[in-house]
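Reading through the C-alpha cells given below for one structure.
In what follows, chains carry the letters A, B, and so on, assigned in the order in which the sequence lines appear, proteins first and then strands, with residues in each chain numbered from 1. Only this structure's heavy atoms are used, side chains among them; waters, hydrogens and symmetry mates stay out.
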Amino acid sequence: MSYKGPRGTYDVFPGGREPHERADLWAYVEGRAREILGLHNYREVRTPVFEEVELFARTAGEASDIVVQKEMFTFRDKGEREMALRPEGTPGAVRAYIEHNLFKLAQPIKLFYVGPMFRQERQQRGRYRQHTQIGVEALGTSDPLVDVEVISLLYAIHQSIGVRDEVVHLNNIGDMPTRRAYVPELRAFLRKNAAHLDPDSVARMDTNPLRTFDSKHEATQAVLAEAPKIGAFLSPEAADHLAVVRSGLDALGVPYELDEQLVRGLDYYTMTVFEAKSGALGAQDTVGAGGRYNALISDLGGPDLGGIGFGSGVERMLLAAAARETESALNLFFVTLAPEARVPAMRLAGALRAEGVSCDLDFGGRGAKGQFKQADRSGARYAAILGEDELSRATIKVRDMASGEEREVDVSGGSVELLRAIGA
RNA sequence: GUGGCCGUAGCUCAGUAGGUAGAGCAUCGGAUUGUGGCUCCGAAGGUCGCGGGUUCGAGCCCCGUCGGUCACCCCA
C-alpha cells in the first residue's frame with residue numbers, strides 16, 4: 001500500500017470496525033442531534049474551516065505562544081495572509097454573528113454547527129488531528145437560564161444516543177472581580193508549595209494559575225486538594241448566577257456535580273463552565289464541554305454582549321455510546337439468469353426506486369448461485385428472478401428470502417404487480 | 001512534541017534454536033448447466049511497513065526510518 005491517510009486521521013466507511021469509522025453510526029448520531037437541536041430552536045451556522053490565525057489567537061489568550069499552545073495547523077495563502085484550520089468552532093461562529101450584525105436582531109441568537117476541527121497533536125483514543133464537533137452557541141444574552149438550556153441540551157443529545165456512564169461537571173470561574181480576588185490567593189498558595197508541583201504547573205503558576213487544576217500529576221493534585229476554593233471568592237453576581245444555574249438544572253432533572261477544580265482550557269471563559277465526562281472512554285474522557293464567554297463578543301469587535309456554548313466531540317460520543325446495530329435498508333435484490341435480462345432488470349429497478357423501494361442487482365457477472373449469495377448478504381427481504389423463461393412470459397419471480405417461497409408475477413404492464421407482491 | 005508497546009494475506013493472528021511463509025474468517029469457482037444461509041472440494045491472494053547492517057542464509061538479530069496504539073502534554 002503506497003498511500004495512507006494522514007497521521008491522526010481516520011476514514012469512515014461501510015464496514016468500519018470502530019464506532020467512529022462506521023458511516024451508519026455517523027448518520028444516526030448526526031440525525032439525532034439535529035432533531036434535538038431543532039426541537040430547541042437552534043439553527044445551523046456554517047463557517048469556513050479556515051480563518052485568519054489572528055482570530056483564533058485573539059480568542060485564547062497568552063498571545064505569544066498561542067500557535068504552539070493550541071497546536072494549530074497554519075499556512076500562508078498566496079496573499080501572504082496567515083491562516084489556520086480551525087481548532088474549535090466558537091471563534092468562527094462569533095465572528096459570523098458580528099460580521100452579519102446578528103446582534104441587532106432579537107436576542108439570543110441560537111446557533112449550532114457540525115463540522116471538522118483540526119489540532120496538531122499526537123493521536124490517542126478519542127483524540128484525532130481532524131475530529132468533528134457538534135457545537136452550540138447561544139449569543140447575545142447573559143441570562144443564566146440560557147446556561148441551563150445549553151447544558152441540558154448537551155446532556156439530552158448525549159442521552160439520546162446512549163452515551164454511557166456520563167457525569168456533568170459544573171463550576172463557575174467567576175467574573176473579573178472574582179478573579180481579581182481569587183487568583184492572587186491561589187498563586188500565593190501555589191508559590192508556597194512550589195516544591196511539590198510538577199514543572200508544567202510551576203511554569204503556569206504565574207501565567208495562568210487556574211490551569212494548574214488540569215494537571216494529572218498526583219503530587220500536584222495532592223497539593224491542589226488543599227488549595228483555596230473559588231467558591232468562597234465568587235462576587236455576588238457570580239454567586240447568584242451559579243445558584244440560578246444549579247436550581248435550573250435541578251428543576252430539569254439534569255444530574256451534575258459541582259466541581260470547583262474544573263477550569264477550562266480556553267482562556268475566554270467566564271462564569272459558567274462545564275464538562276460532560278464518560279467513564280466509557282480512556283484518558284480523553286471529556287465527551288463535550290463548554291462555558292460562558294461574556295467578554296469574547298466585544299473582544300472580537302462586537303457589542304458588549306454575553307454568550308455561552310459547548311462543543312461535543314462526535315468521535316467521543318460514538319466511542320462512549322453503547323454498541324448499536326443498524327439493519328439493512330435494502331428491500332429487494334434482482335437475480336438475472338440470462339445476459340439479456342440485465343437491462344430489463346435495471347429498468348424494473350428504476351420503476352421500483354421511483355416508488356421508494358430500495359433495490360440492487362449484481363454487477364460482477366456472477367452465476368445464479370453467486371447472485372443469490374449476494375442477495376442473501378445484502379439483507380434484502382426479496383429476490384426478484386429474471387431469466388429466459390420469465391422474459392418470454394413477461395413475468396418475474398419473487399422469492400421471499402426468509403421463507404423461500406416463490407411466486408411468479410406479471411410485469412407486462414410495468415411494475416404494479418411486482419410492487420404488490422412485495423407489499424409496497 | 002516526549003515515552004511504553006506494536007507493525008506477517010482483505011480481516012484476526014501463528015511462525016518453533018535465524019534455513020527464502022501458514023491457519024481461521026472473508027473473496028472467487030465447483031459439488032447443485034436457473035436458486036442463498038449448512039457442508040465438502042478447490043483457487044486466488046504476501047516486496048513479512050520501509051531502508052541499511054550482521055550472516056553462507058533474516059519474518060525472526062542490530063541500527064535507522066515511517067506508521068499504528070496507549071499514556072503524558074493538550075483537549076472534543
Side-chain angles (χ1 to χ4, degrees), chain A residues 1-10 15-18 20 60 65 68-72 86-90 114-135 154 158 163 198-201 203-204 211 214-218 263-266 274-278 281-290 309-320 333 335-338 341 362 364-391 397-406:
Chain A
M1 184 186 304
S2 43
Y3 290 104
K4 290 180 173 174
R7 176 165 229 176
T9 64
Y10 59 91
R17 301 228 152 194
E18 297 291 324
H20 68 281
D65 50 4
V68 180
Q69 251 187 17
K70 298 196 69 182
E71 301 175 297
M72 283 192 276
R86 63 182 181 193
E88 51 160 334
T90 302
V114 180
M117 306 296 162
F118 305 83
R119 288 176 200 164
Q120 197 153 180
E121 308 173 291
R122 191 91 152 233
Q123 152 170 10
Q124 71 189 73
R125 184 168 182 75
R127 189 177 71 185
Y128 305 93
R129 290 188 165 195
Q130 175 177 337
H131 73 280
T132 305
Q133 283 185 37
I134 293 177
L154 175 65
H158 288 173
V163 168
D198 63 275
D200 282 325
S201 295
R204 272 198 297 226
R211 296 297 306 287
D214 282 335
S215 173
K216 290 188 179 175
H217 286 75
E218 263 186 56
V263 292
R264 299 280 303 123
L266 304 170
F274 53 95
E275 243 179 68
K277 292 169 178 283
S278 166
L281 294 175
Q284 308 304 318
D285 59 355
T286 299
V287 184
F310 68 70
S312 189
V314 179
E315 293 80 2
R316 290 185 187 178
M317 288 193 267
L318 255 10
L319 254 19
F333 195 96
V335 172
T336 55
L337 300 171
D362 175 59
R366 291 184 178 79
K369 177 193 172 122
Q371 291 187 57
F372 276 101
K373 216 165 199 171
Q374 290 303 304
D376 188 38
R377 293 200 181 130
S378 74
R381 179 146 174 225
Y382 299 99
I385 303 141
L386 198 55
E388 288 174 347
D389 298 349
E390 289 80 7
L391 276 178
K397 217 172 257 171
V398 178
R399 179 185 178 88
D400 183 312
M401 291 300 282
S403 67
E405 276 172 47
E406 279 181 20

Inset, instruction - Using modelled atom types only, decide if a donor and an acceptor are shared between the side chain of Gln123(A) and the backbone of Arg129(A) within a distance under 3.5 Å. - result: no

Inset, instruction - State, to 0.1 Å, how close Arg125(A) and Gln284(A) come at their nearest heavy-atom pair, and which atoms those are. - result: O-CG, 3.5 Å

Legend entry - U12(B) versus A26(B) - spacing of their P atoms, nearest Å: 15 Å

Inset, instruction - Confirm from the modelled atom types if Arg127(A) and C70(B) form a donor-acceptor pair under 3.5 Å, side chain to base only. - result: no

Inset, instruction - Just compare C72(B), A76(B), C74(B) and give me whichever is closest to any side-chain atom of Arg122(A). - result: C72(B)

Inset, instruction - Could you label the plane-to-plane angle of the Tyr128(A) and His20(A) rings as parallel, tilted or perpendicular, counting under 30° as parallel and over 60° as perpendicular? - result: tilted

Legend entry - Nearest-nucleotide pick for Gln133(A), side chain only, options being A76(B), G34(B), C75(B): A76(B)

Legend entry - Closest approach of Val263(A) to Arg211(A) (non-hydrogen atoms, all atoms of both residues): CG2-CA, 4.1 Å

Inset, instruction - Please measure how far the P atom in U35(B) lies from the corresponding atom in G29(B), and state the result in whole Å. - result: 14 Å

Legend entry - Atom-to-atom span, CG of Leu337(A) to P of U35(B) - whole angstrom: 8 Å

Inset, instruction - For Ser312(A) and His158(A), test the side chains for any donor-to-acceptor distance below 3.5 angstrom and give the result as yes or no. - result: yes

Legend entry - Separation of C28(B) C1' from Asp362(A) CG (nearest whole Å): 12 Å

Legend entry - Whole-Å distance separating the NE2 atom of His131(A) from the P atom of C75(B): 12 Å

Inset, instruction - For Ala289(A), answer base if it contacts any base atom (sugar-phosphate contacts may also be present), sugar-phosphate if it contacts only those atoms, and nothing otherwise; contact means non-hydrogen atoms under 4.0 Å. - result: sugar-phosphate

Inset, instruction - Assess whether atom CD of Glu388(A) is packed by more than 12 heavy atoms of other residues, nucleotides or ligands within 6.0 Å. - result: no

Legend entry - Separation of the P atoms in A9(B) and C5(B), to the nearest angstrom: 23 Å

Inset, instruction - Looking only at side-chain atoms of Ile385(A), point me to the closest of C75(B), C73(B), G34(B). - result: G34(B)

Legend entry - Euclidean distance for C1', G42(B) against G3(B) (whole angstrom): 50 Å

Legend entry - Short side-chain N/O contact from Arg7(A) to OP1 or OP2 of G68(B), under 4.0 Å: yes

Inset, instruction - Taking atom C1' in both G49(B) and G57(B), compute the distance separating them and give it to the nearest angstrom. - result: 23 Å

Inset, instruction - Might you point out which heavy atoms bring Phe274(A) and Gly309(A) nearest each other, and give the distance in Å? - result: CZ-O, 3.7 Å

Legend entry - Sugar-phosphate only, base, or nothing, as touched by Glu275(A) at under 4.0 Å among non-hydrogen atoms: nothing

Inset, instruction - May I have the distance from Asp389(A) (atom CG) to U33(B) (atom C1'), rounded to whole angstrom? - result: 13 Å

Inset, instruction - Please answer whether the main-chain N or O of Gly379(A) pairs with a side-chain N or O of Asp376(A) as donor and acceptor at a distance below 3.5 Å. - result: no

Inset, instruction - Check every strand shown and say whether Phe310(A) touches a base, only sugar-phosphate, or nothing at a heavy-atom separation below 4.0 Å. - result: nothing

Legend entry - Nearest-Å distance once atom C1' is located in both A17(B) and C60(B): 11 Å

Inset, instruction - Please confirm whether the backbone N or O of Gly387(A) pairs with a side-chain atom of Glu390(A), one donor and one acceptor, at under 3.5 Å? - result: yes

Legend entry - Donor/acceptor link under 3.5 angstrom from Gln123(A) side chain onto base of U69(B): no

Legend entry - Gap in Å between the two C1' atoms, one belonging to A23(B) and one to U16(B), rounded: 15 Å

Inset, instruction - Using atom CD of Glu71(A) as one end and atom C1' of C72(B) as the other, report the distance to the nearest whole Å. - result: 12 Å

Legend entry - Nearest-angstrom distance from the residue atom CG of Leu386(A) to P of U35(B): 16 Å

Inset, instruction - Figure out the CD/P separation between Glu121(A) and G1(B), and round it to whole Å. - result: 12 Å

Inset, instruction - Rounded to the nearest 0.5 Å, what's the gap from CG on Asp285(A) to CG on Leu319(A)? Could you check? - result: 12.0 Å

Legend entry - Below 4.0 Å: OP1/OP2 of C72(B) and any side-chain N or O of Gln124(A): yes

Inset, instruction - Tell me what Gly364(A) touches on the nucleic acid: a base, only sugar-phosphate, or nothing, going by heavy atoms under 4.0 Å. - result: nothing

Inset, instruction - Under 4.0 Å between any heavy atoms, over every strand shown, what does Gly5(A) touch: base, sugar-phosphate, or nothing? Just pick one. - result: nothing

Strictly under 3.5 Å: I want the nitrogen or oxygen pairs between protein and nucleotides 37-46 of chain B, one per line.
| from | atom 1 | to | atom 2 | distance (Å) |
| --- | --- | --- | --- | --- |
| G37(B) | O4' | Asp376(A) | OD2 | 3.2 |

Inset, instruction - Looking only at side-chain atoms of Arg17(A), point me to the closest of C11(B), G34(B), A76(B). - result: C11(B)

Inset, instruction - Name the nucleic acid region contacted by Asp200(A), choosing base, sugar-phosphate or nothing; use a 4.0 angstrom heavy-atom cut-off, strictly under. - result: sugar-phosphate

Inset, instruction - With the side chain of Lys216(A) defined as its heavy atoms from C-beta on, choose the nearest nucleotide among C74(B), U35(B), A71(B). - result: C74(B)

Legend entry - Asp285(A) vs Pro6(A), nearer the 5' end of RNA chain B by closest nucleotide: Pro6(A)

Legend entry - With Phe118(A), the side chain to side chain contact (heavy atoms under 4.5 Å, CB included) member among Gln130(A), Glu71(A), Met72(A): Gln130(A)

Inset, instruction - Check whether any side-chain N or O of Gln284(A) sits under 4.0 Å from OP1 or OP2 of C73(B), and answer yes or no. - result: no

Inset, instruction - Represent RNA chain B in dot-bracket notation, 5' to 3'. Only Watson-Crick or G-U wobble pairs with both distances under 3.5 Å count; pseudoknot-style crossings use [ ] and interstrand partners use |. - result: (((((((..((((........)))).(((((.......))))).....(((((.......))))))))))))....

Legend entry - Shortest non-hydrogen contact between Ala320(A) and Val287(A), atoms and distance: CB-CG2, 4.4 Å

Legend entry - Along RNA chain B (nearest heavy atom to each residue), the more 5'-positioned of Ser215(A) and Ala368(A): Ala368(A)

Legend entry - Nearest-0.5 Å distance, CG of residue Leu318(A) to CZ of residue Arg316(A): 13.0 Å

Legend entry - Span that lies between the C1' atom of U8(B) and that of U47(B), in whole angstrom: 13 Å

Inset, instruction - Would you classify Glu390(A) as touching base, sugar-phosphate or nothing, given that sugar-phosphate means primed atoms plus P, OP1 and OP2, and contacts are heavy atoms under 4.0 Å? - result: base

Inset, instruction - Answer yes or no: does a side-chain N or O of Arg119(A) lie under 4.0 Å from OP1 or OP2 of A76(B)? - result: yes

Legend entry - Interatomic distance, Glu388(A) CD vs U35(B) C1' [rounded to whole Å]: 15 Å

